[in-house]
Amino acid sequence: MATINTPLGKLHYTFKPLYNGRKRINKTIAKENLLLFNSIAIKYDLSYILGWGTLLGAIREHDFIEHDEDTDLIISKESLPKLLTMLWELQHIGFQVCRFERDLVSIMRQNEYIDLYVYAPYTHGILICHNTLFLPAKMLTELIDYSFLDQKFKIPKDYISYLVLEYGQDWQIPVVWAPQELSPLAILYYKLKLRFKHILPSSIINTLSSKRKRESYQDFIKRYNDIDLSNKNTISTL
C-alpha cells in the first residue's frame, strides 16, 4: 500500500503496473471516464488539456484512437493540489489511483485508466514533465475550446505545432506504435522495472535520468526549431 499526501490528508492506494501494450482501449468506458473526470474537474476549477494520443485522436479521428490504450491529460504543477484534492471524490465515483510518480498520476475505473502529466517550469518558456518530456509553456496558456465527445475541452491554440512536435510532420497518418501482445517475459520485465522505479526516491531518479534529460531537451529543441513555420498559422476555427 502506497500513500499520497493530499491537501485533505494521506490517501492510500495500491500501485498497479501500467505499460505500453497492456491492452487496447475500450472506447465506451474511456468516454465514460473522461466525462466523469471532466465533471469533477469543472467542480474544482481544475484547468487541464487533452494531450498526446487523446489530442491526436480528437483532432485526427474525432474519437479515441483505435489502437491506443489510455486517456492522456496535461496539467500544470500549480494545479496539482487541486488534482490531489479531487482524488478523494474521484474515488467515490469508482476511480482508483494506480500510479503516482511525482509528476504523473494515473487513475483507473473499470480497467481503463487516465494518465495525468504534471508539467513544471524548466527554463524560460519551456515546461518539463517526467524528466524527459518537454513542452512550450504557451501550450498550457494559449488555449481554445474544442468539441470532443459532445463536450468542450481545452486544447492548445497551436495544436498543430503540438502534434508535429510529438508525432512529426506525418501526424495525420495513423501508426500503431505500441505492441498489443507481449510475451510473459516482457510483461514480467515491465512490471519489475515499474515497481523498482516506483519505490526509488526522487533524488536517485533525477540522478539516473540527468543524462537522458539533457539528450531529450536537445532533441526537443531541434524538433521545435525544425517545425515548419507555416504550421503555426494553420489554426482552425472551432
Quick check: does any side chain N or O of His67 sit under 3.5 Å from a backbone N or O of Val175, one acting as donor and the other as acceptor? yes
Has Thr54 got a side-chain atom pairing as donor or acceptor with Leu50's backbone, closer than 3.5 angstrom? no
Check the pair Val118 / His130 against side-chain contact (heavy atoms from CB on, under 4.5 Å), numbers first and verdict last. CA-CA 8 Å; Val118 184; His130 229 45; over 6 Å; no
Please find the pair of heavy atoms, one from Asp226 and one from Gln169, that lie closest to each other, and give the distance. O-NE2, 4.5 Å
I need the Asp115 CG to Cys98 SG distance, nearest 0.5 Å. 7.5 Å
Side chains of Arg99 and Lys16: closer than 4.5 Å at any heavy-atom pair? no
Do Tyr13 and Trp88 land in one hydrophobic cluster if side-chain heavy atoms of ILVMFWY residues count as linked below 4.5 Å? yes
Would you confirm whether Asn225, through its side chain, and Ile221, through its main-chain N or O, come within 3.5 Å as a donor-acceptor pair? yes
Check the pair Phe148, Leu34 against side-chain contact (heavy atoms from CB on, under 4.5 Å), reporting the backbone distance first and the verdict last. CA-CA 11 Å; Phe148 180 54; Leu34 180 55; 4.0 Å; yes
Atom CG of Leu143 and atom NZ of Lys138: how far apart are they, to the nearest 0.5 Å? 12.0 Å
Between Phe134 and Tyr217, does a ring pair (Phe, Tyr, Trp, His ring centres under 6.0 Å) hold up when you go through it step by step? CA-CA 7 Å; Phe134 297 93; Tyr217 181 67; 5.1 Å; yes
Stepwise side-chain contact (heavy atoms from CB on, under 4.5 Å) check, Leu133 with Leu135: CA-CA 7 Å; Leu133 304 176; Leu135 191 68; over 6 Å; no
Verify same cluster id: Met108, Ile29 (apolar side-chain graph, 4.5 Å): no
List the steps, then state whether side-chain contact (heavy atoms from CB on, under 4.5 Å) holds for Ser147 with Lys152. CA-CA 5 Å; Ser147 295; Lys152 295 289 188 180; 2.9 Å; yes
For a 4.5 angstrom cut-off between non-hydrogen side-chain atoms, does Pro156 reach Ile49? yes
Provide the closest heavy-atom pair for Leu84 versus Asn5 in the form atom of the first, atom of the second, distance. CD1-O, 3.7 Å
What is the distance from atom CG of Leu80 to atom OH of Tyr119, rounded to the nearest 0.5 Å? 14.5 Å
Can you confirm whether or not the ring centre of Tyr122 sits under 6.0 Å from the ring centre of Phe220? no
Heavy-atom check, side chain of Asn111 versus side chain of Asn26, under 4.5 Å: no
Keeping the roles fixed (side chain from Thr123, backbone from Ile126), state whether a donor-acceptor pair exists under 3.5 Å. no
Keeping the roles fixed (side chain from Tyr146, backbone from Lys157), state whether a donor-acceptor pair exists under 3.5 Å. no
Could you state the interatomic distance from CD1 (Ile155) to CG (Leu55), rounded to the nearest 0.5 Å? 5.5 Å
Correct closest heavy-atom pair for Ile128 and Pro121 would be CG2-O, 4.3 Å
Would you name the heavy atoms of Ser161 and Ile227 that are closest together and state the gap between them? O-CD1, 3.7 Å
Are the side chains of Ile114 and Phe95 in contact, using a 4.5 Å heavy-atom criterion? yes
Minimum heavy-atom distance Leu149-Lys31, with the two atoms named: CD1-CG, 3.9 Å
Give, for atom OH of Tyr159 and atom CG of Leu56, the distance between the pair rounded to the nearest 0.5 Å. 12.0 Å
May I ask you to test the Glu32-Arg109 pair for a side-chain heavy-atom distance under 4.5 Å? yes
Backbone of Arg212 reached by a side-chain donor or acceptor of Ser216 within 3.5 Å: yes
Is there a donor in the side chain of Glu89 and an acceptor in the side chain of Tyr44, or the other way round, less than 3.5 Å apart? yes
Glu66 atom CD, over 12 foreign heavy atoms within 6.0 Å: no
Minimal non-hydrogen separation, Glu69 against Tyr113, with atom names: OE2-OH, 3.5 Å
Could you check whether Asp45 pairs with Lys82 (Lys NZ or Arg NE/NH1/NH2 to Asp/Glu carboxylate O, under 4.0 Å)? yes
With a 4.5 Å cut-off on side-chain heavy atoms, are Val105 and Leu83 touching? yes
Do any N or O atoms from the side chain of Asp103 and from the backbone of Ala120 form a donor-acceptor pair under 3.5 angstrom? no
Distance, nearest 0.5 Å, that separates CD of Gln96 from CD of Gln110: 12.0 Å
Does Glu166 reach the side chain of Trp171, with side-chain heavy atoms less than 4.5 Å apart? no
Taking Tyr224 for its side chain and Pro136 for its backbone only, find out whether a donor-acceptor pair lies under 3.5 Å. no
Is there side-chain contact between Leu46 and Phe37, with at least one heavy-atom pair below 4.5 Å? yes
